[in-house]
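Here the structure comes first, spelled out in structure tokens, and everything after it is commentary.
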Amino acid sequence: MIPVSRVRLDPSTEARVLAVLRSGHLVQGPVVEELEQHFATMHHAAHAVAVSNGTIALELALRASGIGRGDEVVTSPFTFVATLNAILAVGATARFVDIADDFLINPESVADAISNLDPWHRSRVRAIMPVHLFGQTADMSALREIAKASDLALIEDAAQAHLASGPHGIAGSGTGRGAACFSLYATKNLTAGEGGMITTDDDAVAAQLRLLRNQGMRVRYEYETIGTNARLSDLHAAVAMAQIGNLEQSTQQRAANANRLTDALREAPGILLPQVHPGHRHVFHQYTIVLSAENGPAERHRFISELAARGVGSAIYYPRLAFDYSCYSNRDDVVVHDVSNARNIATRVVSLPVNSTLDEDELDSIISSVIEVATLLFGGTSPAQLAGNASANGA
Ligand SMILES: *Cc1c(COP(=O)(O)O)cnc(C)c1O
């Protein structure tokens with residue numbers, strides 16, 4: 001089965017990890033510092049602060065920006081649950097607004113939600129948390145304007161967006177007094193096994209993050225604030241350091257794979273292909289297609305099992321909206337606006353393999369299988385006719 005994600009570490013990883021083991025210094029130290037410097041430079045950020053995972057990165061970024069109990073954070077419902085858990089962990093309220101067809105938070109929905117609030121609630125909104133889902137950045141230019149107009153912090157969930165960029169710059173740059181949070185989890189575009197990274201241009205936020213991740217102390221046993229242990233270990237940092245020099249290349253490989261899929265699947269019936277906005281660099285953490293509206297959950301299930309029968313793995317990111325579970329229902333700190341587009345899209349998405357380890361045969365197999373299954377389930381058109389159409393179009 002061709003897997004949606006495949007972790008293949010550079011051979012140099014072993015030597016780097018071994019060097020840390022032999023040094024006897026396993027915890028946060030020189031390798032973490034090296035990774036932070038590399039990450040900051042790569043993302044044109046004044047600071048990069050390493051932490052133990054992407055979820056705690058979001059949580060600490062909120063806390064370092066002064067967001068806590070009674071505050072509200074406007075965010076996307078179409079995301080991994082970590083976005084929501086981080087907001088709740090600091091005691092804030094999550095306010096969910098809709099996404100556009102590109103899976104990303106709709107700036108108009110953000111603006112509408114804020115302007116329709118009563119003055120009391122409006123004064124509690126302190127931050128916007130856009131999610132650069134699947135590797136494409138949200139419309140940061142529009143969101144920055146909204147944030148500026150209402151004096152809000154922008155805390156970006158960039159867990160899936162290493163090296164993604166848009167007209168506003170690369171994800172993690174130009175954060176102003178906000179921050180961007182990355183994950184270094186095993187399946188992310190850059191991995192430490194487990195890990196996270198926060199970039200910010202705000203010296204005070206960076207200093208606060210360094211305190212928070214280490215029990216609130218700069219000098220041993222002198223606690224300046226109530227912190228936690230969110231340190232990254234040098235062992236984990238060594239794993240990420242072994243790939244970071246290769247990240248640009250593996251990102252280009254993902255984009256090349258995505259282009260190949262998009263060129264070949266254009267004629268497949270009943271599916272919508274991922275949109276890349278002009279001026280954006282999509283880093284394809286996932287290649288996510290949307291089945292046509294007339295196809296229900298049963299068709300999606302069949303689509304996935306027919307692909308599996310042909311040896312092609314696929315996955316649903318995400319089957320339900322982040323808050324759509326009983327543990328989040330009937331809570332005052334989870335507020336849901338009109339999210340009808342997100343609800344609709346969540347029933348129709350399927351992610352196909354796009355990872356940088358795919359070889360030519362695997363890409364061919366993904367393409368022919370998707371065309372075959374889409375034609376079988378959704379097409380009145382035969383694959384032969386499709387091939388004819390493709391060549392007639394000069395594709
Ligand atoms: C992976 C991910 C996170 C959390 O990162 P972890 O390192 O797994 O804690 C947060 N948000 C999104 C969108 C993610 O994909």
Side-chain angles (χ1 to χ4, degrees), residues 4-5 7 32 35 39 48-63 73-90 92 94 96 99 102-105 127-138 140 143 154-164 171-172 178-199 209 212-213 228-233 235-237 239-240 243 254 274 282-288 315-325 328 342 345-346 349 351 354-355:
V4 167
S5 61
V7 181
V32 167
L35 181 65
F39 207 90
V49 180
V51 291
S52 44
N53 59 69
T55 310
I56 201 83
L58 291 166
E59 184 183 330
L60 295 191
L62 287 166
R63 283 172 67 185
V73 181
V74 178
T75 192
S76 167
F78 195 52
T79 181
F80 182 52
V81 73
T83 317
L84 168 55
N85 285 339
I87 294 168
L88 299 183
V90 304
F96 289 102
I99 58 169
D102 57 6
F103 313 123
L104 305 168
I105 196 167
I128 307 170
M129 186 175 275
V131 182
H132 304 322
L133 199 72
F134 303 145
Q136 182 160 234
T137 54
M140 292 303 294
L143 292 169
L154 257 173
I155 313 288
E156 299 166 56
D157 184 337
Q160 304 185 357
H162 315 74
L163 297 186
C181 304
F182 296 83
S183 168
L184 304 178
Y185 179 66
T187 58
K188 298 291 158 70
N189 288 18
L190 175 68
T191 178
E194 293 272 10
M197 191 69 81
I198 306 150
T199 62
L209 287 169
L212 289 171
R213 75 169 168 188
T228 186
N229 175 4
R231 295 181 304 262
L232 186 70
S233 79
L235 276 174
H236 288 93
V239 175
Q243 297 152 55
R254 280 177 182 273
H282 193 319
V283 297
F284 286 99
H285 176 62
Q286 298 297 344
Y287 184 94
T288 302
I316 298 175
Y317 303 114
Y318 294 92
R320 286 158 76 173
L321 301 184
F323 59 80
D324 196 17
Y325 295 84
Y328 300 110
I345 282 177
V349 283
S351 296
V354 74
N355 65 76

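In each ligand, atom 1 is the first atom listed, and ligand 1 is the first ligand listed. These numbers come from a predicted model, not from an experiment.
Nearest heavy atoms, Phe284 versus Asn189: C-ND2, 4.5 Å.
No donor-acceptor pair under 3.5 Å is formed between the side chain of Glu156 and the backbone N or O of Pro130.
Near Ala82, meaning under 4.0 Å from any of its heavy atoms, are these atoms of ligand 1: 3 (C), 4 (C), 10 (C). Near Ala159, meaning under 4.0 Å from any of its heavy atoms, are these atoms of ligand 1: 2 (C), 3 (C), 10 (C), 11 (N), 12 (C), 14 (C), 15 (O).
In terms of protein heavy atoms, atom 2 (C) of ligand 1 is closest to Lys188 NZ, 2.7 Å. When only non-hydrogen protein atoms are considered, atom 15 (O) of ligand 1 lies nearest to Gln160 NE2, 2.8 Å.
Contact annotation for Glu194 and ligand 1: no heavy atom of the residue comes within less than 4.0 Å of the ligand. Residue Thr79 touches ligand 1 through its side chain alone, judged by heavy-atom distances below 4.0 Å.
By the 4.5 Å heavy-atom criterion applied to side chains, Thr228 and Glu59 are not counted as neighbours. Leu88 places a side-chain heavy atom less than 4.5 Å from the side chain of Tyr328. For the pair Val283 and His162, the minimum side-chain heavy-atom distance is 4.5 Å or more. Within the 4.5 Å cutoff, the side chain of Leu321 has heavy atoms near those of the Phe78 side chain. Side-chain contact between Asp157 and Cys181: absent, with no pair of heavy atoms (C-beta onward) separated by less than 4.5 Å.
Compare Asp157, Thr191, Asn53 by their heavy atoms: the one nearest to atom 13 (C) of ligand 1 is in Asp157.
Polar contact with ligand 1: absent for Leu133 (N/O pair, distance under 3.5 Å). Considering backbone and side-chain atoms alike, Thr55 places an N or O below 3.5 Å from some N or O of ligand 1.
At least one heavy atom of Gly195 sits less than 4.0 Å from an atom of ligand 1.
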